[in-house]
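Remarks on the structure that follows.
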Amino acid sequence: MLNKILFLLISFKKDTVEHLLSLIKKINIKFLKVNSESHSSKTKNNQTDQILGEVQEFLLLLQRECHLYLSETQRFTDIQNEIKATGTYWQTYDELAYGAKLAWRNSTRCIGRNYWDLLSVNDYRSLNKPDEIFDALVEHLRSATNEGRIKPLITVFAPQEPNQPGIRIWNEQLIRYAGYEQFDGSIIGDPKYVEFTKIVHKMGWKGSKGTPFDILPIVIQMPNQQPHLFELPSDVVLEVSIQHPEYPWFAELGLKWHAVPLISNMMLDIGGIKYTSAPFNGWYMGTEIGSRNFGDESRYNLLFIVAQKLGLNPRSNYTLWRDRALVELNIAVLYSFQKAGVTIVDHHTESRHFIQFEKKEKLNQRCAYADWYWIVPPMSGSATPVFHRTYENIELKPNFFYQPDPWRQSDVDLKLKCPVT
């Protein structure tokens, strides 16, 4: 039978065979197109269902906490229609503002959530140019600094459009210090930002002075555009020179730190809407600067230097020279910020404030979820009440989420001379 089929095929004219092959090809293409369209439609439907699920959950939360009085059913219907027409929806200011506060309340890695309802919200979703974004960041920094009386504040820019990149601020924090790698492998400045320093140099940054505390430029990237460099005005950055109440030589170390910890690279997720640029700040807990920024070996690594100045013996672990140097560093940070009139809190006070937060949440029939490894302070952990508690680490929404570094995920010409403002 097979031989007969082969004979018939061979006996076909060449043009007939070509015609059959052409028909088969068209059928395959049409089949693939139908499959592709079907897959695309299914994906879109899944995305819509996911957004609507998050919308419904968010609206119910708002209704339950009695902060919005608009009919939840009517609002959900309006949002459904808007998503059907545009693929997304625009949140009201009240939804945005309360959602941002909830994101702070739900942040399991933050010990300072006792103040979540004090967060002020700047709505700058209408801005669509990098220089406008930068001006808003400068305004945020001035307002949050508040002459040293630090104000918790978030500035929210336009949300990410469906299937498009969002606005990105490349900096991890709005104020950070450059790190300069030397020929011998040593580093002047903050080792954590050596890579970022090299990147902004390639992009045309001319502001580096080579000191341990050079403030890095701000990099802003609008969707589907090249990034832009901006220099923060010197008068907008409040810095605190580090001194010690008992050791005059501490001032000779030339240490300082900026007043406002302004996180700028995380995504704010509220009710299915993703705000890829929503910088926010609280105020510092002393150990963030004294223990981590100054003390970590991977950062400024000052413990050995301070121990030597204290006359301690760093050749023996039995002298606990690291611990004693760490304590003096933290005393110096707290003393200097208080002397300068800049808001800061010690880790013992903040730990007790977190216990207050837990109690408030319990009174409101909510559970205070937390990441124990982040909540416990990096110094004298067992002397704080949070060390002796256990927590479930469950991420609720709204919330803040980490994002990939934008220079690693997009086609950016780092050699491009971006305009510097």
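All values reported here derive from a predicted model rather than from experimental measurement.
No side-chain donor from either of Gln182 and Tyr180 sits under 3.5 Å from a side-chain acceptor of the other. Under 3.5 Å, the side chains of Lys151 and Asn281 contain no donor-acceptor pair of N or O atoms. Trp257 and Tyr177 share no side-chain donor-acceptor pair at under 3.5 Å.
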Would you please test Lys309 and Glu328 for salt bridge (charged side-chain N to carboxylate O under 4.0 Å, His left out) and show each step? CA-CA 11 Å; Lys309 289 282 189 180; Glu328 299 305 334; over 6 Å; no
Under the criterion salt bridge (charged side-chain N to carboxylate O under 4.0 Å, His left out), I'd like the reasoning laid out for Asp190 against Arg299: C-alpha separation, chi angles, the key distance, then a yes or no. CA-CA 6 Å; Asp190 195 338; Arg299 301 295 296 283; 2.7 Å; yes
Audit row: Gln91, Tyr98, side-chain hydrogen bond (donor to acceptor under 3.5 Å, both in side chains) steps and yes/no: CA-CA 11 Å; Gln91 293 175 332; Tyr98 196 65; over 6 Å; no
List the steps and the verdict of side-chain hydrogen bond (donor to acceptor under 3.5 Å, both in side chains) for Glu139 and Tyr124. CA-CA 11 Å; Glu139 180 186 328; Tyr124 284 118; 2.7 Å; yes
Thr108 and Asn393: CA distance, side-chain angles, deciding distance, side-chain hydrogen bond (donor to acceptor under 3.5 Å, both in side chains) verdict: CA-CA 7 Å; Thr108 60; Asn393 184 20; 3.0 Å; yes
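Contact check on Lys206 versus Glu231 returns no salt bridge, with no Lys/Arg side-chain nitrogen under 4.0 Å from an Asp/Glu carboxylate oxygen. A salt bridge links Lys274 to Asp269: one of the charged nitrogens lies within less than 4.0 Å of a carboxylate oxygen. Remark: Asp123 engages Arg125 in a salt bridge, criterion side-chain N to carboxylate O under 4.0 Å. Of the charged side-chain nitrogens involved, at least one lies within less than 4.0 Å of a carboxylate oxygen, so that Asp371 and Arg109 count as a salt-bridged pair. Using a 4.0 Å cut-off between charged side-chain N and carboxylate O, Glu57 and Lys397 make no salt bridge. A salt bridge links Glu172 with Lys192: the closest approach of a Lys/Arg side-chain nitrogen to an acidic carboxylate oxygen falls below 4.0 angstrom.
For the pair Leu329 and Gly290, the tightest heavy-atom approach, listed with the atom from each and the gap, is CD1-O, 3.9 Å. Nearest heavy-atom pair across Arg408 and Glu195 is NH2-OE1, 2.7 Å. Residues Arg75 and Tyr89 come closest through the heavy atom pair NH2-CD1, 4.1 Å. Residues Arg352 and Pro385 approach most closely at NH1-CD, 3.7 Å, considering heavy atoms. Here the closest non-hydrogen pair linking Asn106 and Asn399 is O-ND2, 3.1 Å. When all heavy atoms are compared, the tightest approach of Leu127 to Ala136 is CD1-CB, 3.9 Å.
At least one side-chain heavy atom of Gln403 sits under 4.5 Å from a side-chain heavy atom of Arg168. With contacts defined as side-chain heavy-atom distances shorter than 4.5 Å, the pair Thr349/Asp346 qualifies. Side-chain contact between Ser351 and Pro377 is present, with at least one heavy-atom pair separated by less than 4.5 Å.
Aromatic pair Phe400/Trp104: centroids not less than 6.0 angstrom apart. Between Tyr300 and Phe213, the ring center distance clears the sub-6.0 Å criterion. Annotation: Trp116 is not in aromatic contact with Phe357 [ring centroid separation under 6.0 Å not met]. The ring of His347 has its center no closer than 6.0 angstrom to the ring center of Phe354.
Counting heavy-atom neighbours within 6.0 Å of Gln164 CD, excluding the residue itself, gives a total above 12. For Glu297, the CD atom counts as loosely surrounded, since its 6.0 Å shell holds 12 or fewer non-hydrogen atoms of other residues, nucleotides or ligands. Atom OH of Tyr402 has more than 12 heavy atoms from other residues, nucleotides or ligands within 6.0 Å.
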Show me, pair by pair, the donor-acceptor contacts under 3.5 angstrom made by side chains of residues 330-339, not counting sequence neighbours?
| residue | atom | partner | partner atom | Å |
| --- | --- | --- | --- | --- |
| Asn330 | ND2 | Ser291 | OG | 3.0 |
| Asn330 | ND2 | Leu326 | O | 2.8 |
| Ser336 | OG | Gln243 | N | 2.7 |
| Ser336 | OG | Gln243 | O | 3.0 |
| Ser336 | OG | Ala332 | O | 2.7 |
| Lys339 | NZ | Gln243 | OE1 | 3.2 |

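In this view, Arg366 and Glu65, Glu361 satisfy the side-chain hydrogen bond (donor to acceptor under 3.5 Å, both in side chains) rule, not counting sequence neighbours. Under the rule for a ring pair (Phe, Tyr, Trp, His ring centres under 6.0 Å), the partners of Tyr115 that lie at least two apart in sequence or sit in another chain are Trp283, His353. Remark: Trp372 pairs with Phe387 by the ring pair (Phe, Tyr, Trp, His ring centres under 6.0 Å) rule, at least two apart or across chains. The ring pair (Phe, Tyr, Trp, His ring centres under 6.0 Å) search around Tyr247 returns His244, Trp249, not counting sequence neighbours. Residues satisfying the ring pair (Phe, Tyr, Trp, His ring centres under 6.0 Å) test with Tyr275, not counting sequence neighbours, are none.
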